[in-house]
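Residue numbering restarts at 1 for every chain, and letters A, B, ... go by the order of the sequence lines.
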2 protein chains.
Amino acid sequence: MTGKPKISPSSEQIRAAGVKVTRQRVRVLDALLAARQPLCHGELESQLGGAEAGSRRVIDRVTLYRVLDSLVACGLAMRAVDPRGVFRFSATGAPRQHAGHVHFRCTDCGGVFCLKAEPPPPPALPRGFRLAQVEFDVRGTCAQCGAR
Amino acid sequence: MTGKPKISPSSEQIRAAGVKVTRQRVRVLDALLAARQPLCHGELESQLGGAEAGSRRVIDRVTLYRVLDSLVACGLAMRAVDPRGVFRFSATGAPRQHAGHVHFRCTDCGGVFCLKAEPPPPPALPRGFRLAQVEFDVRGTCAQCGAR
DNA sequence: TCTGCAAATGCAACAATGTTGCATTTGATG
DNA sequence: CATCAAATGCAACATTGTTGCATTTGCAGA
């Protein structure tokens with residue numbers, strides 16, 4: 001078994017999560033793991049579709065939605081909403097490059113800036129509550145947009 | 001001129017903001033001011049439409065979008081995105097009942113709980129950046145969902 | 001290796017939310 | 001009251017997300 005061509009770590013993650021390992025799921029999870037920031041459906045679609053352009057469509061629009069749903073359901077991905085009201089997905093296992101600091105989002109140009117500040121400590125929760133994720137979202141206008 | 005039927009405070013706010021005072025704008029701002037929580041487009045539509053049901057449609061769907069845009073543009077209202085990805089609007093002049101504390105959102109049942117904790121102070125921004133809004137988002141599973 | 005079945009996929013159609021173009025109406029101003 | 005830009009209503013369109021159903025595929029067991 002030394003010559004197995006290529007076992008992406010995603011396959012293992014998916015198998016470990018107890019769901020079927022399919023080409024589509026591997027592709028999508030790979031994309032999420034490689035991404036520096038959470039991706040929306042459209043970005044994933046064009047990224048996956050564009051990569052192998054030439055053959056036929058790599059993944060169906062609806063399938064992509066369902067794959068994302070399944071990844072979220074089995075804990076391999078997370079879903080958040082961006083300021084435009086669009087769902088964005090990120091791999092939970094991915095190195096969270098953006099986990100240790102706070103983000104500033106310019107409502108004018110849409111740009112995202114990483115602030116030096118550390119995220120605030122999570123607040124105390126009532127008995128029985130379990131914390132899964134904390135997001136500290138700071139919005140306004142960046143220096144460039146403010147200058148105009 | 002003593003008998004002017006009814007001058008809602010919204011009219012004054014709108015006039016002060018320097019934009020035309022129209023029936024639609026007054027209605028929408030009234031609704032936002034009266035609301036206990038941010039309202040989405042659909043809620044506003046049915047609320048406004050239902051109130052005067054009988055005559056014809058009170059406000060056009062598109063007009064409602066545009067009125068909301070204009071209220072946001074002149075600073076009388078604020079726009080945020082809810083966890084479903086839908087825009088929600090609130091009057092900036094309205095008593096912000098939910099402004100002074102942090103929210104916990106259960107990713108299981110979708111419920112929102114108000115925590116006792118105060119929101120963390122906004123972080124320092126680079127030169128030229130202007131802060132418009134801060135959101136502290138805490139997610140996980142609530143006691144009830146966690147018990148199952 | 002083959003077979004069978006539940007899960008996953010692709011396709012079409014639909015639903016909800018938000019936007020644009022344009023003709024008509026209306027608020028404010030002189 | 002005359003005027004004109006702004007606001008409104010209507011129709012059509014765009015984007016994002018969902019549902020139903022027939023076909024394909026991963027995977028477990030014979």
Side-chain angles (χ1 to χ4, degrees), chain A residues 4 7-8 10-29 38-46 48-49 52 55-74 76-77 79-89 110, chain B residues 1 4-5 7-8 10-29 38-46 48-49 52 55-74 76-77 79-89 110:
Chain A
K4 269 240 177 89
I7 300 184
S8 73
S10 349
S11 310
E12 289 315 311
Q13 284 190 36
I14 294 172
R15 189 185 320 283
V19 296
K20 281 191 187 176
V21 179
T22 70
R23 204 164 32 115
Q24 314 294 40
R25 281 215 251 255
V26 173
R27 270 190 226 268
V28 173
L29 186 51
L39 301 176
C40 69
H41 179 273
E43 290 164 351
L44 277 165
E45 194 176 15
S46 58
L48 295 178
E52 195 140 341
S55 50
R56 85 190 113 149
R57 176 132 70 281
V58 178
I59 186 170
D60 184 67
R61 217 173 68 86
V62 176
T63 301
L64 177 50
Y65 275 112
R66 290 200 265 231
V67 164
L68 287 169
D69 280 349
S70 73
L71 290 179
V72 170
C74 70
L76 291 177
R79 190 173 79 165
V81 185
D82 81 357
R84 268 190 12 213
V86 179
F87 292 141
R88 304 198 89 90
F89 299 86
Chain B
M1 292 16 181
K4 270 238 176 91
I7 302 184
S8 72
S10 349
S11 311
E12 289 315 310
Q13 284 191 34
I14 294 171
R15 189 185 321 283
V19 297
K20 280 192 187 176
V21 180
T22 70
R23 206 164 32 113
Q24 313 294 39
R25 282 216 250 256
V26 173
R27 270 190 227 266
V28 173
L29 186 52
L39 301 176
C40 69
H41 179 273
E43 289 163 351
L44 277 165
E45 195 177 15
S46 60
L48 295 177
E52 194 140 340
S55 50
R56 84 191 115 151
R57 175 132 71 280
V58 178
I59 187 170
D60 183 68
R61 217 174 68 89
V62 176
T63 300
L64 177 50
Y65 275 112
R66 290 201 265 231
V67 164
L68 287 169
D69 281 348
S70 73
L71 290 180
V72 169
C74 70
L76 292 177
R79 190 172 80 165
V81 186
D82 81 357
R84 266 189 14 213
V86 180
F87 293 141
R88 304 199 90 90
F89 299 86

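- Residue A:Asp60 contributes atom CG, which lies 16 Å from atom C1' of D:dT25 at whole-angstrom precision.
- Within the structure, every side-chain polar atom (N or O) of A:Gln24 is placed at least 4.0 Å from both OP1 and OP2 of D:dT25.
- Following rounding to the nearest Å, B:Leu64 (CG) and D:dC10 (P) show an atom-to-atom distance of 14 Å.
- Distance check: A:Cys40 SG to A:Glu45 CD gives 9.5 Å after rounding to the nearest 0.5 Å.
- Between A:Leu64 and A:His41, the closest side-chain pair of non-hydrogen atoms falls below 4.5 Å.
- B:Thr22 meets the side-chain hydrogen bond (donor to acceptor under 3.5 Å, both in side chains) test with no other residue; sequence neighbours excluded.
- Rounded to a whole Å, the CZ atom of A:Arg23 is 21 Å from the P atom of C:dA7.
- For A:Ser70, the side-chain hydrogen bond (donor to acceptor under 3.5 Å, both in side chains) partners are A:Arg25, not counting sequence neighbours.
- Inter-residue side-chain proximity for A:Arg66 and A:Gln24 is flagged as unmet; no heavy-atom pair is nearer than 4.5 Å.
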Protein-nucleotides 28-30 of chain C N/O pairs closer than 3.5 Å?
| from | atom 1 | to | atom 2 | distance (Å) |
| --- | --- | --- | --- | --- |
| C:dA28 | OP1 | B:Val21 | N | 3.0 |

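- Between A:Arg88 and A:Arg79 the shortest side-chain heavy-atom distance does not fall below 4.5 Å.
- The CD1-C1' distance, from A:Ile14 to C:dT9, rounds to 15 Å in whole Å.
- Taking 4.5 Å as the limit, some side-chain heavy atom of A:Val58 sits within range of a side-chain heavy atom of A:Arg27.
- A search for side-chain contact (heavy atoms from CB on, under 4.5 Å) contacts involving A:Arg84 returns A:Asp82, A:Val86, not counting sequence neighbours.
- The interatomic distance linking A:Glu43 (CD) with D:dT15 (P) rounds to 15 Å, in whole Å.
- By the ring-ring contact (aromatic ring centres under 6.0 Å, His included) test, B:Phe87 pairs with no residue at all, sequence neighbours left out.
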- Query: How does protein contact run along nucleotides 16-25 of chain C, one letter per nucleotide 5' to 3', with B for base contact, S for sugar-phosphate only, - for none, heavy atoms under 4.0 Å?
  - Reply: -BBBBB----
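- B:Leu39 has its side chain out of reach of B:Phe89: every pair of non-hydrogen atoms, C-beta onward, lies at least 4.5 Å apart.
- Within the helix from C:dT1-D:dA30 to C:dG30-D:dC1, the inter-axis angle between the opening and closing five-pair segments is 30°, rounded to 10°.
- Distance, A:Leu39 CG to D:dG17 P: 13 Å, rounded to whole Å.
- Following rounding to the nearest Å, B:Arg25 (CZ) and C:dT26 (P) show an atom-to-atom distance of 15 Å.
- A:Thr63 places no side-chain N or O within donor-acceptor distance of the main-chain N or O of A:Ile59, the cut-off being under 3.5 Å.
- A:Leu68 has its CG atom 12 Å from the C1' atom of D:dG17, to the nearest Å.
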